[in-house]
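Sending over a structure as structure tokens; questions will come in a sec.
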Amino acid sequence: MSEKPTDYNGPERVFSGVQPSGSLHLGNYLGALKKFVRLQHEHDCVFCIVDLHAVTVWQDPKALADQTRHIAAAFLACGVDPKKAIIYPQSRVRAHTELAWYFNCVARIGWLNRMTQFKDKAGKNSEKMSVGLYDYPVLQAADILAFKGTHVPVGEDQKQHLELSRDIAAKFNNDFDVPGFFPLPEPLIQGPGARIMSLRDGSKKMSKSDPSDLSRINFTDDADLIAKKIRKAKTDAGVIPETSEELEGRPELSNLIGIYAALSEQPEDKVLAEYAGQGFGVFKPALAELAVEKLKPITELMNRYLAAPDEIDTILSSGADRADNIATPIVAEVRDIMGFWKV
Ligand code: AMP
Ligand code: TRP
């Protein structure tokens, strides 16, 4: 994280968001949460529970607040320390929606038309989707830039949204002749967990919205269920090869090796060296054991937090105040730059 974004001389800040919709899975853990924990020790970090993004598709009003607590509990259980990092719900800080509106007037329709995630989510029904779902990446840019976020730990699927954030930041700086006012946020994607695939189909990412629960390992799954899902994970008929090159064309195996490497924090080559020549009868139980060993303490801790919602609410509330103190003055500066009336 040494490379400073162009023209920007302000402090570095890590910002990321997770939606409070559906339950968290192994992809979220390896692609995002595990990185959050590491980053908080060296950087100023802001981790937002993006409930405004969640409501771009229908959310039951009776469940939304609890879903937010659920993500907070997962952050805490993974080891995000609220004394170090800021954890808060997006809807509690008005700067997000305000800056999103200003950015709506900076971003171009053509830019949004290129967003593949909208196309994937909307499919053939784009006319029936909410305007919010279409505008989702603009709000995401506002999230990051309301904090002048310089580095954004996310999974591979967010790469295009991050490019849009950079385009919006650059266009704002340019249009209003304020070079370096906004940083051009850098995605932090690298690492073995950046793209965890479905256990049922190695060409699809592991996702909350996959109708098959067997496709993903959820934070809430118990040891038996995790073992069952790994046992049933799609594989081919071969054995574990010796080199990564030989994983080519074997997406499901490649995914399982990647998960093992990410969970055990060792390079894929080392995992392959350990299991080369073995069949899945040996590898799958080893992977299941490793997954349970890593996830069980998180699930237990998460349940303990969830049993104390008041504690979570106190953390979220003070996080929101701290977040507000950072973002509100930045958005006030944006208002000045854009020339709005003030007394
Ligand atoms: P979401 O649940 O869509 O709000 O995603 C939260 C974070 O998890 C984002 O940084 C995503 O990029 C990341 N993520 C989601 N699915 C995966 C996956 N299958 N592999 C790696 N990272 C993922
Ligand atoms: N779009 C992200 C996802 O679905 C969530 C998100 C919203 C986010 N705002 C963000 C991620 C800002 C990083 C930074 O995973």
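Just so you know, ligand 1 is whichever comes first in the structure, and atom 1 is the first atom listed for that ligand. What you see below is based on every heavy atom in this structure, not just the backbone, and it leaves out hydrogens, waters and symmetry mates.
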- Message: Under a 3.5 Å cutoff, is there a donor and acceptor pairing between the side chains of T328 and D324?
- Response: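 Judged by distance alone, the side chains do pair up.
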- Between T314 and E311, is any side-chain donor less than 3.5 angstrom from a side-chain acceptor? no
- Query: Does the side chain of S244 pick up a donor-acceptor pair with the side chain of D269 at under 3.5 Å?
  - Reply: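 Indeed, the side chains of S244 and D269 share at least one donor-acceptor pair under 3.5 Å.
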- Message: Below 3.5 Å, N or O to N or O, backbone or side chain included: is there any such pair between E156 and ligand 1?
- Response: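 No, since none of the N or O atoms of E156 sits under 3.5 Å from an N or O of ligand 1.
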- Query: Of all the atoms in ligand 1, which lie at a distance below 4.0 Å from a heavy atom belonging to Q158?
  - Reply: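 Taking each heavy atom of Q158 in turn, ligand 1 has 12 (O) under 4.0 Å.
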- Message: Taking ring-ring contact (aromatic ring centres under 6.0 Å, His included) as the definition, give me every residue that meets it alongside F103, ordered by chain and number, with sequence neighbours left out.
- Response: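 Expected list: F182.
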- Test of proximity, Y136 against ligand 2: N or O pairs below 3.5 Å: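 Yes, there is a polar N/O contact under 3.5 Å.
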- Between M197 and ligand 1, does any nitrogen or oxygen pair lie at a separation below 3.5 Å? no
- Just checking, any donor-acceptor pair under 3.5 angstrom between side chains of Q67 and H70?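 No donor-acceptor contact under 3.5 Å links the two side chains.
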- Protein contact of atom 9 (C) of ligand 1 - nearest heavy atom, named by residue and atom, plus distance: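 Here the nearest protein heavy atom works out to G155 N, 4.1 Å.
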- Message: Closer than 4.0 Å to some heavy atom of V152 - which atoms of ligand 2 meet that?
- Response: 13 (C), 14 (C)
- Query: Is Q158 close to ligand 2, meaning an N/O of one under 3.5 Å from an N/O of the other?
  - Reply: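 By distance alone, the answer is yes.
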- Task: Using non-hydrogen atoms of the residue, decide whether H25 is closer than 4.0 angstrom to ligand 1.
- Result: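 Distance cut 4.0 Å: H25 passes for ligand 1.
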- Message: Tell me whether the rings of F283 and F280 are parallel (<30°), tilted (30 to 60°) or perpendicular (>60°).
- Response: perpendicular
- Task: State whether a side-chain donor-acceptor pair under 3.5 Å links H25 with N218.
- Result: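 Their side chains do not contain a donor-acceptor pair, so the 3.5 Å distance test is not met.
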- Note on the structure: Within 4.0 Å of some non-hydrogen atom of M206, the atoms of ligand 1 are 16 (N), 18 (C), 19 (N)
- Message: Can you see whether N104 engages D135 through a side-chain donor-acceptor pair at a distance of less than 3.5 angstrom?
- Response: yes
- Query: Does ligand 1 have any atom that is closer than 4.0 Å to a heavy atom of L30?
  - Reply: no
- Hey, is K229 close enough to D213 for a salt bridge, meaning N to O under 4.0 Å?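 Here K229 pairs with D213 in a salt bridge, since their nearest N and O are under 4.0 Å apart.
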- Message: Show me which atoms of ligand 2 lie under 4.0 Å from any heavy atom of V154.
- Response: 11 (C), 13 (C)
- Task: For ligand 1, note which part of D157 has a heavy atom under 4.0 Å away: side chain, backbone, both or neither.
- Result: side chain
- Message: Suppose I only count heavy atoms of Q19 and a 4.0 Å limit; which atoms of ligand 2 are within that range?
- Response: 4 (O)
- The one among P187, S198, A194 that brings a heavy atom closest to atom 21 (C) of ligand 1: A194
- Query: Who's the nearest protein heavy-atom neighbour of atom 8 (C) of ligand 2, and how far?
  - Reply: Q140 NE2, 3.5 Å
- Message: Under a 4.0 angstrom heavy-atom cut-off, which atoms of ligand 1 come close to R195?
- Response: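 Result: 20 (N), 21 (C).
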- Just distances here: any N/O of K205 and N/O of ligand 1 closer than 3.5 Å?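 No; every N/O pair is 3.5 Å or more apart.
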- Query: Cut-off 3.5 Å, side chains only: do N255 and Y260 have a donor facing an acceptor?
  - Reply: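 Side chains of N255 and Y260: no pair found under 3.5 Å.
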- Message: Give the atom numbers and elements of ligand 1 that come within less than 4.0 Å of a heavy atom of A32.
- Response: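 Result: 7 (C), 8 (O), 10 (O).
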- So, Q140 versus H53: side-chain donor-acceptor pair below 3.5 Å or not? no
- Any N or O on L24 sitting closer than 3.5 Å to an N or O of ligand 1? no
- Message: Using a 3.5 Å cut-off on N or O atoms only, is S16 in polar contact with ligand 1?
- Response: no
- Should the pair K121 and Y136 be classed as cation-pi, given the thresholds of under 6.0 Å to the six-membered ring centre and 45° from the axis? yes
- Query: Going by the atom numbers of ligand 1, which of them fall below 4.0 Å from some non-hydrogen atom of G31?
  - Reply: 21 (C), 22 (N)
- Using a strict cut-off of less than 4.0 Å between a Lys/Arg side-chain nitrogen and an Asp/Glu carboxylate oxygen, indicate whether E265 and K34 qualify as a salt bridge. yes
- Could you check atom 6 (C) of ligand 2 against the protein and tell me its nearest heavy-atom contact, residue, atom and distance included? G17 O, 3.8 Å
- Message: Whether the Q40 and D81 side chains hold a donor-acceptor pair (N or O, under 3.5 Å, no angle test) is what I'd like checked.
- Response: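 Absent: no donor and acceptor within the cut-off.
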- Is there a salt bridge (Lys or Arg N to Asp or Glu O under 4.0 Å) between R92 and D321 once you walk through the steps? CA-CA 9 Å; R92 263 287 309 271; D321 291 343; 3.2 Å; yes
- Query: Which atoms from ligand 1 have a heavy atom of Q19 less than 4.0 Å away?
  - Reply: 3 (O), 4 (O)
- Criterion salt bridge (charged side-chain N to carboxylate O under 4.0 Å, His left out) against D157, the qualifying member of K205, R195, K204: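 When salt bridge (charged side-chain N to carboxylate O under 4.0 Å, His left out) is applied between D157 and each of K205, R195, K204, only K205 qualifies.
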- Where's the contact between L139 and ligand 2, heavy-atom distance under 4.0 Å: side chain, backbone, both or neither?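 Contact part for L139 vs ligand 2: neither.
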- Task: Would you mind checking which non-hydrogen protein atom is closest to atom 5 (O) of ligand 1, with the distance to 0.1 Å?
- Result: N28 ND2, 3.4 Å
- Message: Could you identify the single nearest non-hydrogen protein atom to atom 19 (N) of ligand 1 and state the distance to 0.1 Å?
- Response: I196 O, 2.7 Å
- What about G27: any of its N or O atoms under 3.5 Å from an N or O on ligand 1?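 Yes; at least one N/O pair falls below 3.5 Å.
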- Message: Taking distance alone, with N or O pairs closer than 3.5 Å, would you say D143 contacts ligand 2?
- Response: yes
- Message: I need the contact type for K208 against ligand 1. Using non-hydrogen atoms and a strict under-4.0 Å cut-off, is it side chain, backbone, both or neither?
- Response: side chain
